[in-house]
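What follows is a short report on a single structure.
Index from 1, following the sequence. Basis for what follows: all heavy atoms, side chains included, without hydrogens, waters or symmetry-related copies.
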Amino acid sequence: MGAWAIAVHGGAGVDPNLPTERQDEAKRLLTRCLDIGIFALRSNVPAIDVVELVVRELETDPLFNSGRGSALTEKGTVEMEASIMDGPKRRCGAVSGLTTVKNPISLARLVMEKSPHSYLTTPGAEEFAKKQGVEMVDNDYFITEDNVGMLKLAQEANSILFDYRIPTVGTCGAAVDSHLQMNGLPISVYAPETVGCVVVDKEGRCAAGTSTGGLMNKMSGRIGDSPIIGAGTYACELCGVSCTGEGEAIIRSTLARDVAAVMEYKGLNLHEAVGYVIKNRLDEGKAGLIAVSRNGEVACGFNTTGMFRGCATEGGFMEVGVW
């Protein structure tokens, strides 16, 4: 029997001018999610179940960019994606392009457990969801007043917004001169508020899950790192990892898998592995990640101004932070 550990995130790349009330709101949600996960782990719930439970909570709350409150496409609709992975046998499930599935993370798990495949996208993913009897809602359910307003700003600026809720001071978040690029094209600065959870239970089983609505004003059909196993999400017998940030950079670096790879091939411990990939694998990309190991360790790393995050261990350590 080992020791359990859990970590959650709500996105990397926090605006340094983030209002205090917004920080406090985020910390309360992360704390609530940690408490849900801790209670489940103390009740001997398996890691994969805890991951799904916590990510569903994050998807249901509109604060972060997943499920209800997801970022809007250039067409003003929501297209969500998620993935989940169970470390012991490296089973995985992923979905993208969802428009009516209330909890994408649960559909990803059903793909893992109830289909012969690892990844389904729309319209097949939604057809599969109906056959599995998952809860479906109208696309309007996911859209919030804040997101409609930020989409308008993004469209006026002819740009993609990352941190679509926090305007840059003095510009209302619209016409910002930015040196940040994505695939060679200029974009506005900020943080994709993707959500994720990683867990190791008392049996040493690691699991990870990630869910997002993607980028504000993204092209319809754009898929980021969150549903891509090895990029946004990875779990094996050594560790579980969930990433957040510039999806295109995370995909190029296979960031989540690299944590496990350097642990396996270079013999690094979890903290060393996280530090190594953040420093050496992102090139000029901006991202962060959370991770747990089978030994009950927990770690996070990011090369952005901040990352919404929280973690706890069986030994009594608990921390929730932004910067």
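- Here the side chains of L289 and V277 are in contact, with some heavy-atom distance below 4.5 Å.
- Nearest heavy-atom pair, L107 versus V134, reported as atom, atom and distance to 0.1 Å: CD1-CG1, 4.5 Å.
- Ion pairing between a basic and an acidic side chain is recognised when a charged N comes within 4.0 Å of a carboxylate O; R222 and E248 show such pairing.
- When hydrophobic clusters are built by joining Ile, Leu, Val, Met, Phe, Trp and Tyr residues whose side-chain heavy atoms come closer than 4.5 Å, directly or via intermediates, M263 is grouped together with V274.
- Residues V148 and E145 form no side-chain contact, since every pair of their non-hydrogen atoms from C-beta on lies 4.5 Å or further apart.
- In this model, no donor atom of one side chain and acceptor atom of the other lie less than 3.5 Å apart for S211 and S66.
- Heavy atoms only, all atoms of each residue included: A273 and V262 are closest at CB-CG2, 3.5 Å.
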V111/F128 under side-chain contact (heavy atoms from CB on, under 4.5 Å): CA gap, chis, key distance, verdict: CA-CA 8 Å; V111 170; F128 177 71; 3.8 Å; yes

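- Environment of CZ in R56: sparse, with no more than 12 heavy atoms of neighbouring residues, nucleotides or ligands closer than 6.0 Å.
- Under the side-chain hydrogen bond (donor to acceptor under 3.5 Å, both in side chains) criterion, the residue pairs touching residues 313-323 are Q23-W323, with sequence neighbours excluded.
- Of the possible donor and acceptor atoms, one in the side chain of D201 sits under 3.5 Å from a partner among the backbone N and O of E203.
- The minimum heavy-atom distance linking R294 with C206 is given by the pair N-SG, 3.7 Å.
- By the criterion of side-chain heavy atoms lying less than 4.5 angstrom apart, applied directly or through intervening Ile, Leu, Val, Met, Phe, Trp or Tyr residues, V8 is grouped together with L63 in one hydrophobic cluster.
- For D35, there are no salt bridge (Lys or Arg N to Asp or Glu O under 4.0 Å) partners, not counting sequence neighbours.
- For the atom pair CG (L53) and CZ (F39), the distance works out to 10.5 Å, reported to the nearest 0.5 Å.
- Side-chain N/O atoms of S83 and T233 include a donor and acceptor closer than 3.5 Å.
- Residue Y141 qualifies as enclosed at atom OH: its count of foreign heavy atoms under 6.0 Å is above 12.
- Linking Ile, Leu, Val, Met, Phe, Trp and Tyr residues whenever their side-chain heavy atoms come within less than 4.5 Å places L34 and V51 in a single cluster.
- Across all non-hydrogen atoms, the minimal contact from A5 to G296 is CB-O, 3.6 Å.
- Every residue two or more places apart in sequence or in another chain that forms a salt bridge (Lys or Arg N to Asp or Glu O under 4.0 Å) with E57 is listed here: R32.
- Note that CG of L72 is 12.0 Å distant from CG of L215, once rounded to the nearest 0.5 Å.
- Under the 3.5 Å distance criterion, with hydrogens and angles disregarded, a donor-acceptor pair is assigned to the side chains of T121 and S96.
- Side-chain contact between L120 and E127 is absent, with no heavy-atom pair separated by less than 4.5 Å.
- For the residue pair T60/R68, the side-chain donor-acceptor check at 3.5 Å is not satisfied.
- A donor-acceptor distance shorter than 3.5 angstrom exists from the side chain of N147 to the backbone of S70, with no hydrogens or angles considered.
- Hydrophobic cluster membership for V198: V200, I290, V292, V298, F302, M307 (Ile, Leu, Val, Met, Phe, Trp, Tyr linked by side-chain heavy atoms under 4.5 Å, directly or transitively).
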V320/R28 under side-chain contact (heavy atoms from CB on, under 4.5 Å): CA gap, chis, key distance, verdict: CA-CA 9 Å; V320 174; R28 285 194 294 270; over 6 Å; no

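- Side-chain N or O atoms of D258 include none that pairs as donor or acceptor with a backbone N or O of A261 at under 3.5 Å.
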Verdict with reasoning, T212 to S226, per side chain to side chain donor-acceptor pair (under 3.5 Å): CA-CA 7 Å; T212 190; S226 296; 4.6 Å; no

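- Inter-residue side-chain proximity for R281 and Y276 is flagged as met; some heavy-atom pair is nearer than 4.5 Å.
- The SG atom of C33 sits 11.0 Å away from atom CD1 of I38, with the distance rounded to the nearest 0.5 Å.
- By the 4.5 Å heavy-atom criterion applied to side chains, K202 and N44 are counted as neighbours.
- In this structure, OG1 on T73 lies 8.5 Å from CG on N139, to the nearest 0.5 angstrom.
- Between the side chain of N65 and the main chain of A71, a donor-acceptor pair closer than 3.5 Å is present.
- The side-chain heavy atoms of I105 and V95, taken from C-beta on, include no pair separated by under 4.5 Å.
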Identify every side-chain donor-acceptor pair in residues 85-92 under 3.5 Å, counting partners at least two apart or on other chains, and give the distances.
unit_1, atom_1, unit_2, atom_2, d
D86, OD2, R91, NH2, 3.0

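- Note: the hydrophobic cluster containing Y234 does not contain L255 (ILVMFWY, side chain heavy atoms under 4.5 Å, direct or indirect links).
- Put simply, the side chain of P104 reaches to within 4.5 Å of the side chain of E59, judged on heavy atoms.
- Using modelled atom types and a 3.5 Å distance limit, the side chains of S106 and E52 yield a donor-acceptor pair.
- Salt bridge status for D49 with R109: present, with a side-chain N to carboxylate O gap under 4.0 Å.
- When all heavy atoms are compared, the tightest approach of C243 to H9 is O-NE2, 3.5 Å.
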Residues E126, T100; criterion side chain to side chain donor-acceptor pair (under 3.5 Å); working and verdict: CA-CA 8 Å; E126 302 232 335; T100 61; 2.6 Å; yes

side-chain contact (heavy atoms from CB on, under 4.5 Å) between M112 and I48, intermediate numbers included: CA-CA 11 Å; M112 178 179 75; I48 191 71; 4.2 Å; yes

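- Once rounded to the nearest 0.5 Å, the distance linking NZ of K114 with CG of L110 reads 7.5 Å.
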Check against side-chain contact (heavy atoms from CB on, under 4.5 Å), L29 and L58: CA-CA 8 Å; L29 175 55; L58 289 163; 4.1 Å; yes

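- Taking both residues in full, the closest heavy atoms of W4 and L41 are given as CE3-CD1, 3.6 Å, listed atom of the first, atom of the second, then distance.
- Residue K218 holds its NZ atom at 5.5 Å from CD of E79, rounded to the nearest 0.5 Å.
- With sequence neighbours excluded, the residues satisfying side-chain contact (heavy atoms from CB on, under 4.5 Å) with I251 are D225, I228, A231.
- Residue I223 is not grouped with residue I250 when hydrophobic side chains (ILVMFWY) are merged at heavy-atom distances under 4.5 angstrom, including chains of intermediate members.
- In this structure, a donor-acceptor pair under 3.5 Å is absent between the side chains of N217 and E74.
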